Novice: 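Just passing along the structure, written as structure tokens.
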Amino acid sequence: MGRRITIDPITRIEGHLRIDCEADGGRITKAWSSGQMWRGVELILLGRDPRDAWAITQRICGVCTTVHAIASVRAVENALQMEVPLNAQYIRNLIILAHAVHDHIVHFYHLSALDWVDVTSALKADPDATARLAESLSDWPGNGRFEMRAVKERLAGFVGGGQLGIFTNGYWGHPAMKLPPEVNLLAVAHYLQALDIQRKANKIVSILGSKTPHIQNVAVGGVSNAISTDSYSTLGVERLMAIKGWIDELDAFVKKVYLVDVAAVGAFYADWTKVGAGITDYLAVPDIPLDTKGTQFALPGGYLAGRDLAAFKPITSFDDKYWVDGVAESAKHSWYEGSASLHPYKGETKPQYTDFQDDGKYSWLKSPTFYGKPAQVGPLARVLCMLGAGHEATTKYATSALDTVSAIAKTKVGLDAMHSTIGRHAARAVSCAVQVDLLADQWQRLVGNIAKGDVATYNKPVFPKGEITGQGYHEAPRGALSHWVVIEDGKIKNYQCVVPSTWNACPRNEKDEPGPYEASLMDNHPIADPELPLEVLRTVHSFDPCIACAIHLTDTESGNAVSVRAR
């Protein structure tokens, strides 16, 4: 038996996640992923009006807000077999895509880049050499020598004054840090620039959704946005043109900075393309509906088994039986009553806390499976499924990213490198490039439809007597999200949320198979220092955990803010 490493909580994520590992000879031989909060939202919804569910479920998280609103209204619409006006689809799609672009930028630069970038090393950099490197990779206007000099001076002020602020508590000087000083300085410059650019995506969400986080404009049957070309108090020309300007700014940053930076980091950490794969069965759902019924999508989705693109099996509509029949959740290793796998329509949320049991129950997350098998969801699953579907834009950006990595690394890096810790970052950047293109496309579709004289945004729902069921899926930034509702006589009888971080961060399932986090850690680099387990954090952060989406309510007994221990 090796040393036990416990990281509790994992930071730079949303929510409360504990990771336990056993390391033997520096390698991880066993891992546990434990959600440390209980989610009771499903119980809050029982007996309520289904039209209110989106506003309540949206409060599951302060980060993944719009995604739950969208999945919830789609679930109720699916139960009622409703159509949604085209304008409503386009407005929802713009919100979805802007939120996704925001999420990807923040995840790479502000939540995970510090696992790879040694900020204090940037003080040794030659800012002029940094600018020459940056300008050789991209014509981004923020790459000039005056910008790099200013960033180095600003960083020196942080360090000299002992006020590292956002850069406090990093693993500076860790032996696993490999970037040259100039690359570190460039990354710090783009980190700071990303703080500004991510606001542009949030502005799009807030203009269309009335506020952010927690948009206010969606409704079962459409959206509440009034459309008029001659009124300042509605969604008109002025606001639409402002949105187009922000889309253009986001497009430039994603393609000239984000894609390039991820490729550069991937080239310098090429050894990380060989570890962290974990579960290589991938699940994604189609999204960005282009018709009123949800049968045509801009982004394909489906299931891909065992890395084989030729094995891709599509999910084609909101009513696809292949999807609806395939999902189940087990509580064998979760702090809930029971252990059998249940379909979400029959899902139960009955807490039963037992304390942490290595071979028993050890997490508030359930364990989802697709036709009895664990699946990885998220940007990597999304990109691989879209490649399997022959999606043109995804193929273009994935090929470009791999070519850039190969050029910088001076060795051929192929698609197989995507099945890895660093590959998840590359896939997120590729996904973001595809989505920023779609932002412009959906804006053009909305403007074109309004120009035809169509200003409809809402269809009124009518609830029948008796029992009906519906599910709404959404390919959220972190992966396949679904809400499942049973409605009886117009009231919610059962409600279950199966979210991306439940798929990825789940404990072992009914067959005692590890979830994606656990499996990826057992395929990880040797840990250089058990007291500073940076290698574990790199792989966990590559999934972008959002544990509040998966669970809700913390144990306040210990009072510890951070605890990392090895024994």
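It should be emphasised that the depicted structure is a prediction, and the values quoted were computed from it without experimental measurement. Just so you know, these numbers use all the heavy atoms, side chains as well, and skip hydrogens, waters and symmetry mates.
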Novice: Quick one: do Asp358 and Arg508 satisfy salt bridge (Lys or Arg N to Asp or Glu O under 4.0 Å)? Show the steps, please.
Specialist: CA-CA 10 Å; Asp358 284 4; Arg508 289 159 181 77; over 6 Å; no

Novice: Side-chain contact, heavy-atom cut-off 4.5 Å: Ser542 with Ile422?
Specialist: no

Novice: Starting at CD1 of Ile288, measure out to CD of Gln435 and round the result to the nearest 0.5 Å.
Specialist: 7.0 Å

Novice: I need the Glu22 CD to Met522 CE distance, nearest 0.5 Å.
Specialist: 10.5 Å

Novice: Any side-chain heavy atom of Pro344 within less than 4.5 Å of one from Pro368?
Specialist: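 A side-chain contact under 4.5 Å is absent here.
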
Novice: Output yes when a side-chain donor or acceptor of Glu42 lies under 3.5 Å from a complementary backbone atom of Cys497, and no otherwise.
Specialist: yes

Novice: Is a salt bridge present between Asp49 and Arg51, judged by a nitrogen-to-oxygen distance below 4.0 Å?
Specialist: yes

Novice: Is the side chain of Ser431 donor-acceptor paired with the backbone N or O of Arg428 at a distance under 3.5 Å, no angle test?
Specialist: no

Novice: Decide yes or no for Trp272 and Asn524: does some side-chain heavy atom of the first lie under 4.5 Å from some side-chain heavy atom of the second?
Specialist: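 The answer is yes; the side chains approach within 4.5 Å.
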
Novice: Salt bridge between Glu77 and Arg92, side-chain N to carboxylate O under 4.0 Å?
Specialist: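 Yes, Glu77 and Arg92 are salt-bridged.
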
Novice: Establish, yes or no, whether a centroid distance under 6.0 Å links the rings of Phe356 and Tyr362.
Specialist: yes

Novice: Has the side chain of Asn93 got a donor or acceptor atom that lies under 3.5 Å from a matching backbone atom of Pro289?
Specialist: yes

Novice: Could you check whether atom CZ of Arg307 has more than 12 heavy atoms from other residues, nucleotides or ligands sitting under 6.0 Å from it?
Specialist: yes

Novice: Would you sort out whether Tyr303 and Trp323 count as a ring pair (Phe, Tyr, Trp, His ring centres under 6.0 Å), showing the intermediate values?
Specialist: CA-CA 9 Å; Tyr303 180 69; Trp323 158 259; over 10 Å; no

Novice: Against Val485, only a single residue in Asn494, Ile492, Leu45, Ile468 fulfils side-chain contact (heavy atoms from CB on, under 4.5 Å); can you say which?
Specialist: Ile492

Novice: Between the side chain of Gln36 and the main-chain N/O of His16, is any donor-acceptor distance below 3.5 Å?
Specialist: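 Absent.
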
Novice: Would you please test Ile527 and Val536 for side chain to side chain contact (heavy atoms under 4.5 Å, CB included) and show each step?
Specialist: CA-CA 8 Å; Ile527 298 174; Val536 174; 3.9 Å; yes

Novice: Would you sort out whether Asp20 and Arg18 count as a salt bridge (Lys or Arg N to Asp or Glu O under 4.0 Å), showing the intermediate values?
Specialist: CA-CA 7 Å; Asp20 286 68; Arg18 166 181 169 173; 2.6 Å; yes

Novice: With rounding to the nearest 0.5 angstrom, report the CG to CE distance, Leu402 to Met418.
Specialist: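 Spacing of CG (Leu402) from CE (Met418) equals 6.0 Å.
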
Novice: Drop me the distance from Asn78's CG to Ser482's OG, to the nearest 0.5 angstrom.
Specialist: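 It comes to 11.5 Å.
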
Novice: Under 6.0 Å between ring centres, would you say that holds for Tyr517 and Phe543?
Specialist: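 When the ring centroids of Tyr517 and Phe543 are compared, they turn out to be within the sub-6.0 Å range.
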
Novice: Looking only at heavy atoms, which two atoms of Gly479 and Pro500 are closest? And how far apart?
Specialist: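 Between these two residues, the closest heavy atoms are O-CG, 3.3 Å.
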
Novice: Under the 3.5 angstrom rule, does the side chain of Thr394 hit a backbone N or O of Leu387 as a donor-acceptor pair?
Specialist: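 Side chain of Thr394 to backbone of Leu387, a donor-acceptor pair under 3.5 Å: no, none is there.
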
Novice: Verify the ring-centre separation between Trp54 and His483: is it less than 6.0 angstrom?
Specialist: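 No, ring centres 6.0 Å or more apart.
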
Novice: Indicate the atoms forming the closest heavy-atom contact of Cys506 with Ser367, along with that distance.
Specialist: CB-CA, 3.8 Å

Novice: Looking at Tyr495 versus Trp484, is the centre-to-centre ring distance below 6.0 Å?
Specialist: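 Here the rings of Trp484 and Tyr495 have centres that are no less than 6.0 Å from each other.
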
Novice: Does the side chain of Val119 come within less than 4.5 Å of Leu114's, by heavy atoms?
Specialist: yes

Novice: Does Leu111 form a side chain to side chain contact (heavy atoms under 4.5 Å, CB included) with Ile13? I'd like the steps, not just the answer.
Specialist: CA-CA 7 Å; Leu111 299 182; Ile13 67 168; over 6 Å; no

Novice: Applying the side-chain contact (heavy atoms from CB on, under 4.5 Å) test to Ile95, which of Ile70, Asn217, Val67 qualifies?
Specialist: Asn217

Novice: Looking at Gln58 and Ala55, would you say the former's side chain and the latter's main chain have a donor-acceptor pair under 3.5 Å?
Specialist: no

Novice: Tell me whether Arg4 forms a cation-pi arrangement with Trp32, defined as NZ or CZ under 6.0 Å from the six-membered ring centre and within 45 degrees of its axis.
Specialist: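 Yes, Arg4 sits over the ring of Trp32.
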
Novice: Does Thr369 use its side chain to pair, donor to acceptor, with the backbone of Tyr371 at less than 3.5 Å?
Specialist: no

Novice: To the nearest 0.5 angstrom, please state how far the CG atom of Leu384 sits from the CG atom of Leu415.
Specialist: 6.0 Å

Novice: Within the structure provided, determine whether His102 and Val205 are in side-chain contact (heavy-atom separation under 4.5 Å).
Specialist: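 Side chain of His102 against side chain of Val205, heavy atoms only: no contact under 4.5 Å found.
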
Novice: Should the pair His343 and Tyr345 be assigned to parallel (<30°), tilted (30 to 60°) or perpendicular (>60°) ring geometry?
Specialist: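 Tilted, since the angle between the ring planes falls between 30° and 60°.
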
Novice: Okay, side chain of Trp335, backbone of Asp355: is any donor-acceptor separation there less than 3.5 Å?
Specialist: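 The answer is yes, because a donor-acceptor pair under 3.5 Å joins these two groups.
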
Novice: Look at the side chain of Lys361 and the backbone N and O of Ser334, then say whether any donor-acceptor pair between them is shorter than 3.5 Å.
Specialist: yes

Novice: Is the distance between the ring centroids of Phe370 and Tyr322 under 6.0 Å?
Specialist: yes

Novice: Less than 4.0 angstrom from a charged side-chain N to a carboxylate O is my criterion; do Arg74 and Asp287 meet it?
Specialist: yes

Novice: Minimum heavy-atom separation for Asp320 and Pro314, please, with both atom names.
Specialist: OD2-O, 4.0 Å

Novice: Can you tell if the side chain of Leu179 reaches within under 4.5 Å of the side chain of Tyr269, non-hydrogen atoms only?
Specialist: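 When only atoms from C-beta onward are counted, Tyr269 and Leu179 do touch, with a gap below 4.5 Å.
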
Novice: Are there over 12 heavy-atom neighbours, none belonging to Lys178, within less than 6.0 Å of that residue's NZ?
Specialist: yes

Novice: Using the benzene-type ring in the case of Trp, are the ring centres of His107 and His541 under 6.0 Å apart?
Specialist: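 So the answer is no for these two rings.
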
Novice: Just so I know, are the side chains of His68 and Leu481 near enough to count as touching, which here means a heavy-atom distance under 4.5 Å?
Specialist: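 Yes, their side chains come closer than 4.5 Å.
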
Novice: Please walk me through it: do Leu534 and Met177 pass side chain to side chain contact (heavy atoms under 4.5 Å, CB included)?
Specialist: CA-CA 9 Å; Leu534 175 61; Met177 293 287 193; 4.2 Å; yes

Novice: Can you check salt bridge (Lys or Arg N to Asp or Glu O under 4.0 Å) on Arg48 and Asp52, steps first, answer last?
Specialist: CA-CA 7 Å; Arg48 291 181 180 268; Asp52 295 337; 5.8 Å; no

Novice: What do you reckon, is NZ of Lys346 surrounded by more than 12 foreign heavy atoms closer than 6.0 Å?
Specialist: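 Not buried by this count: 12 neighbours or fewer within 6.0 Å.
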
Novice: Taking the side chain as everything from C-beta on, heavy atoms only, tell me whether Thr421 gets closer than 4.5 Å to His525.
Specialist: no

Novice: For salt bridge (Lys or Arg N to Asp or Glu O under 4.0 Å), just list the numbers for Asp115 and Arg538, CA-CA rounded to whole Å, side-chain angles, deciding distance to a tenth of an Å, and then say yes or no.
Specialist: CA-CA 6 Å; Asp115 294 338; Arg538 281 178 171 173; over 6 Å; no

Novice: When you measure from the side chain of Ser330 to the backbone of Ser339, do you find a donor-acceptor pair of N or O atoms at a distance under 3.5 Å?
Specialist: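 It does hold such a pair.
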
Novice: I need the Gln376 CD to His419 NE2 distance, nearest 0.5 Å.
Specialist: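 Going from CD on Gln376 over to NE2 on His419, the span is 9.5 Å.
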
Novice: Please tell me whether Tyr258 and His104 form a close aromatic pair, meaning their ring centres lie under 6.0 Å apart.
Specialist: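 Aromatic pair excluded; centres sit 6.0 Å or further apart.
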
Novice: Using the ring centroid of each side chain, check whether Phe318 and Phe297 are separated by less than 6.0 Å.
Specialist: yes

Novice: State which residue, out of Asn509, Asp359, Asp512, fulfils the side chain to side chain donor-acceptor pair (under 3.5 Å) condition with His333.
Specialist: Asp512

